[in-house]
> 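Quick one: this structure, given as structure tokens, is what I'll be asking you about.
In what follows, chains are A, B, ... by sequence order, proteins preceding strands, each numbered from 1. Since the model is a prediction, treat every value here as computed from it, not as a measurement.
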There are 2 protein chains.
Amino acid sequence: MGQAAGKAPGMTAEMADEVEGGAATLSEQAYRLMRRDIVDGLLAPNQPLRFEFLKDRYGFSFSPLREALAQLQSERLVVATAQRGYRVADVSLDEMWDAINTRVLIETQALREAIVHGDDDWEGAIVSAYHALSRSRARHAGTATDEAAMEEVERRHRVFHRSLIGACRSRWLLDLSALLYTQTERYRRPLLAKMRADISRDREIDDHHKEIMDATLIRDAATATDLLAAHLRRTGNYIERIQG
Amino acid sequence: MGQAAGKAPGMTAEMADEVEGGAATLSEQAYRLMRRDIVDGLLAPNQPLRFEFLKDRYGFSFSPLREALAQLQSERLVVATAQRGYRVADVSLDEMWDAINTRVLIETQALREAIVHGDDDWEGAIVSAYHALSRSRARHAGTATDEAAMEEVERRHRVFHRSLIGACRSRWLLDLSALLYTQTERYRRPLLAKMRADISRDREIDDHHKEIMDATLIRDAATATDLLAAHLRRTGNYIERIQG
DNA sequence: AGGCAACTGATTTTCGAAAATCTTCTGACC
DNA sequence: GGTCAGAAGATTTTCGAAAATCAGTTGCCT
């Protein structure tokens with residue numbers, strides 16, 4: 001069972017489900033679990049990652065854990081210090097904005113290229129992803145306490161964003177997009193419950209998604225990329241406001 | 001001895017010398033050595049990386065080797081297949097152009113930001129780096145057989161390019177620039193001897209570096225970034241021509 | 001001749017102990 | 001009380017053997 005599909009930096013746990021049934025090594029499993037927990041804030045920024053603690057938490061012995069940490073290190077989700085182990089990489093508003101702005105740079109370029117190359121299937125995937133997301137959001141509107149519902153919305157949210165750039169032919173742009181998505185999720189996901197409880201904002205988000213989609217489908221690259229950039233930055237502003 | 005300075009993705013072996021005297025773990029050493037050998041083409045594209053082979057070659061036992069490979073995997077220099085080990089990531093002209101174009105996207109943005117934020121020290125670093133590179137190139141012009149001389153030129157080449165974006169305040173752009181630099185070096189370094197023996201081209205390169213520097217120093221971002229993009233793509237064209 | 005199962009050898013991955021290193025505590029000295 | 005050296009305990013990293021898996025070969029059956 002190859003890992004080529006599973007090894008793009010920043011690949012989400014959802015996308016990894018396709019190979020979950022395959023023979024993922026223990027280190028691969030550890031990598032995914034830890035990455036998820038870092039992104040969700042369950043492993044806190046700057047938290048030391050002691051091996052006995054990780055062994056208790058995840059049930060893996062040290063070697064797979066170390067391999068997973070080596071990968072997470074290269075993705076800047078953990079920081080290694082020789083002889084003194086690993087800790088979760090810190091977060092900050094500066095880092096958040098750096099990640100957002102870099103993500104804007106990458107994803108607007110990926111969107112531009114998708115708009116150039118996209119075909120009917122690509123358009124269909126966008127429409128379908130938007131539809132699923134929108135319905136899911138509406139069905140669970142204001143439901144800020146149902147974990148499974150929120151996970152479903154998040155999964156569809158991810159699929160929607162990914163579908164926009166689905167026709168981009170640059171492997172590097174797609175990989176970096178996924179990497180930066182993960183980084184920015186570290187700021188957004190811990191605030192999910194609060195954001196989802198904000199009904200008017202939730203409605204706004206849906207509108208923004210639709211505007212991005214519409215501009216994309218009529219192949220208006222300038223408008224689509226502007227809307228995407230604004231959407232990403234608006235989330236940053238919201239997070240900044242909440243964090244104080 | 002912290003590894004924060006040593007862990008930026010794609011950091012070159014030269015920059016790592018600053019921490020070489022520190023207590024680098026065996027896995028860190030393995031990572032650096034293997035990365036260098038992959039970039040230099042000594043570990044060939046698509047070559048399986050057998051652990052006994054690596055143990056013989058580098059003198060490390062399996063655990064540090066595995067950790068190093070995990071890092072290289074996240075940097076797309078090796079490909080992992082569950083239960084079947086690792087192999088060096090393949091190269092292709094398509095991949096080269098993807099890496100070059102993505103590098104152009106990242107580095108032109110980094111240069112734009114450096115031009116906005118750069119101060120006298122930054123300018124001084126550029127001038128000094130250009131001077132050192134140019135002198136080194138002239139001193140070793142046409143010397144395509146002296147390894148040490150070529151390494152010196154390459155080191156200075158790297159320092160020059162890095163100095164251009166030295167005043168960029170985005171950690172992400174700097175890290176991604178280093179990562180993409182490493183990727184594109186996989187195509188350039190194996191052809192170094194041939195390129196350095198091409199005297200007229202070598203003189204041209206020097207001229208291009210100067211033009212980029214001059215535009216940067218007068219803060220003409222549009223010209224500087226155009227020249228940088230053209231420089232990077234010209235190298236791609238040269239490689240494409242040689243490879244057939 | 002082709003297909004399949006079992007076996008053998010090669011290779012990868014994991015395990016846990018040993019070695020190495022760091023951190024904290026204790027006791028002696030000023 | 002403060003400082004320093006040594007000891008003890010905690011933690012990390014590495015090692016190499018065992019367990020797990022893969023790849024190739026052999027033998028049997030149709």
> Grab the CG-P distance between Leu65(A) and dT13(C) for me, whole Å please.
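It is 16 Å, rounded to the nearest whole Å.
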> Under 3.5 Å, is there a donor-acceptor pair between the Glu67(A) and Gln71(A) side chains?
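No, because no side-chain N or O of Glu67(A) sits under 3.5 Å from a partner of the opposite role on Gln71(A).
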> Angle class for the Phe51(A)/Tyr86(A) ring planes (parallel below 30°, perpendicular above 60°, tilted otherwise)?
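Phe51(A) and Tyr86(A): perpendicular rings.
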> I want to verify a distance call: between dT14(C), dT13(D), dC15(D), whose nearest atom is closest to the Pro64(A) side chain?
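When the side chain of Pro64(A) is considered, dT14(C) is the closest of dT14(C), dT13(D), dC15(D).
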> Could you check which of dT14(C), dC22(D), dT12(D) has an atom nearest any side-chain atom of Phe51(A)?
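Among dT14(C), dC22(D), dT12(D), the one nearest the side chain of Phe51(A) is dT12(D).
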> Answer yes or no: does a side-chain N or O of Arg66(B) lie under 4.0 Å from OP1 or OP2 of dT13(C)?
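Answer is yes, contact under 4.0 Å.
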> Choose from dT13(C), dG16(D), dT13(D) the nucleotide whose nearest atom is closest to any side-chain atom of Tyr86(B).
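The answer is dT13(C).
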> Return whichever of Arg50(B) or Ser63(B) has its heavy-atom-nearest nucleotide of DNA chain C closer to the 5' end.
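The 5'-side residue here is Arg50(B).
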> Check the angle between the aromatic planes of His157(A) and His161(A) and answer parallel, tilted or perpendicular using the 30° and 60° thresholds.
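Perpendicular, since the angle between the ring planes exceeds 60°.
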> Measure the distance from CG on Leu69(B) to P on dT14(C) and round it to the nearest whole Å.
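Atom-to-atom, Leu69(B) to dT14(C), this comes out as 14 Å.
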> State which of dC22(C), dA23(D), dT13(C) makes the closest approach to the side chain of Arg84(B).
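Shortest atom-to-atom distance from the side chain points to dA23(D).
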> Whole angstroms only, please: what is the CD-P distance between Gln83(A) and dT14(D)?
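In whole Å, dT14(D) P lies 7 Å from Gln83(A) CD.
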> For Glu151(A), is there an ion pair with Arg155(A) - N to carboxylate O distance below 4.0 angstrom?
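Glu151(A) and Arg155(A): not salt-bridged.
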> In terms of side-chain heavy atoms of Ser61(A), which of dT23(C), dC15(C), dG16(C) is nearest?
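Among dT23(C), dC15(C), dG16(C), the one nearest the side chain of Ser61(A) is dC15(C).
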> Nearest whole Å is fine: how far is dA10(D) C1' from Lys55(A) NZ?
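Value for this atom pair: 15 Å.
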> Of the nucleotides dT14(C), dT13(D), dT21(D), which one has an atom closest to the side chain of Phe62(A)?
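Nearest to the side chain of Phe62(A) among the choices is dT13(D).
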